[in-house]
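Presented below is the structure to which this report refers.
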Amino acid sequence: MKSFSIVIPDQKDITQDQEFFILEQNGITQEIKIHDYDKIFSVPGLYEQLLMNKL
(Lines give C-alpha, C1' and ligand atoms only; values in the text may rest on other atoms or scores of the structure.)
Protein backbone atom coordinates (compact mmCIF):
# COMPACT_ATOMS: atom_id res chain seq x y z
CA MET A 1 0.00 0.00 0.00
CA LYS A 2 1.42 3.37 -0.97
CA SER A 3 1.77 6.03 1.68
CA PHE A 4 2.55 8.98 -0.56
CA SER A 5 1.13 11.16 -3.31
CA ILE A 6 2.83 12.45 -6.44
CA VAL A 7 2.14 15.68 -8.30
CA ILE A 8 3.89 16.60 -11.53
CA PRO A 9 3.47 20.35 -12.03
CA ASP A 10 3.43 22.02 -15.41
CA GLN A 11 7.08 22.54 -16.35
CA LYS A 12 7.68 24.65 -19.42
CA ASP A 13 10.99 26.01 -20.61
CA ILE A 14 13.17 23.74 -18.47
CA THR A 15 15.74 21.17 -19.49
CA GLN A 16 15.39 17.45 -18.97
CA ASP A 17 17.78 17.45 -16.01
CA GLN A 18 15.62 20.08 -14.27
CA GLU A 19 12.33 18.12 -14.45
CA PHE A 20 10.89 17.30 -11.05
CA PHE A 21 7.82 16.05 -9.24
CA ILE A 22 6.39 16.83 -5.84
CA LEU A 23 6.25 14.01 -3.32
CA GLU A 24 4.04 14.24 -0.26
CA GLN A 25 4.74 11.58 2.35
CA ASN A 26 3.91 11.54 6.06
CA GLY A 27 2.96 15.22 6.00
CA ILE A 28 6.25 16.23 4.37
CA THR A 29 6.32 17.73 0.88
CA GLN A 30 9.48 17.77 -1.20
CA GLU A 31 10.55 18.35 -4.79
CA ILE A 32 12.50 15.48 -6.31
CA LYS A 33 14.16 15.60 -9.70
CA ILE A 34 12.87 12.94 -12.10
CA HIS A 35 16.39 11.53 -12.50
CA ASP A 36 17.31 11.48 -8.80
CA TYR A 37 17.13 7.71 -8.62
CA ASP A 38 18.71 7.40 -5.16
CA LYS A 39 15.85 9.38 -3.64
CA ILE A 40 13.20 7.74 -5.81
CA PHE A 41 14.28 4.17 -4.99
CA SER A 42 14.55 5.00 -1.28
CA VAL A 43 10.73 5.12 -1.11
CA PRO A 44 9.18 1.67 -1.64
CA GLY A 45 6.84 1.68 -4.63
CA LEU A 46 7.60 5.26 -5.67
CA TYR A 47 9.45 4.37 -8.87
CA GLU A 48 6.67 2.07 -10.04
CA GLN A 49 3.95 4.61 -9.21
CA LEU A 50 5.85 7.41 -10.92
CA LEU A 51 6.67 5.42 -14.03
CA MET A 52 3.43 3.48 -14.48
CA ASN A 53 0.84 6.05 -13.45
CA LYS A 54 2.34 9.50 -13.83
CA LEU A 55 4.83 9.55 -16.72
Side-chain angles (χ1 to χ4, degrees):
M1 181 168 80
K2 73 175 188 165
S3 59
F4 54 81
S5 65
I6 301 169
V7 175
I8 301 178
D10 189 26
Q11 301 178 51
K12 296 182 182 195
D13 300 324
I14 63 172
T15 63
Q16 184 177 12
D17 65 328
Q18 294 174 319
E19 294 176 319
F20 68 94
F21 63 96
I22 299 169
L23 173 67
E24 184 175 320
Q25 181 182 34
N26 302 323
I28 299 170
T29 302
Q30 60 180 317
E31 290 183 4
I32 300 177
K33 289 189 177 182
I34 297 287
H35 297 287
D36 191 347
Y37 297 112
D38 287 339
K39 284 186 181 179
I40 292 171
F41 284 117
S42 72
V43 178
L46 178 57
Y47 178 78
E48 292 80 7
Q49 186 73 16
L50 181 64
L51 185 66
M52 302 300 274
N53 297 326
K54 296 293 184 177
L55 296 179

Kindly list each side-chain donor-acceptor pair under 3.5 angstrom involving residues 39-48, sequence neighbours excluded, with atom names and distances?
unit_1 : atom_1 : unit_2 : atom_2 : d
Ser42  : OG     : Lys39  : O      : 2.7

Tabulate below the donor-acceptor pairs under 3.5 Å that side-chain atoms of residues 16-25 make, not counting sequence neighbours, or state none.
unit_1 : atom_1 : unit_2 : atom_2 : d
Asp17  : OD1    : Thr15  : OG1    : 2.3
Gln18  : OE1    : Thr15  : N      : 2.9
Gln18  : OE1    : Thr15  : OG1    : 3.3

Distance-only donor-acceptor pairs under 3.5 Å for side chains of residues 27-34, two or more places apart:
none

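Listed by chain and residue number, nothing satisfies the side-chain hydrogen bond (donor to acceptor under 3.5 Å, both in side chains) test with Asn26 (two or more places apart in sequence, or in another chain).
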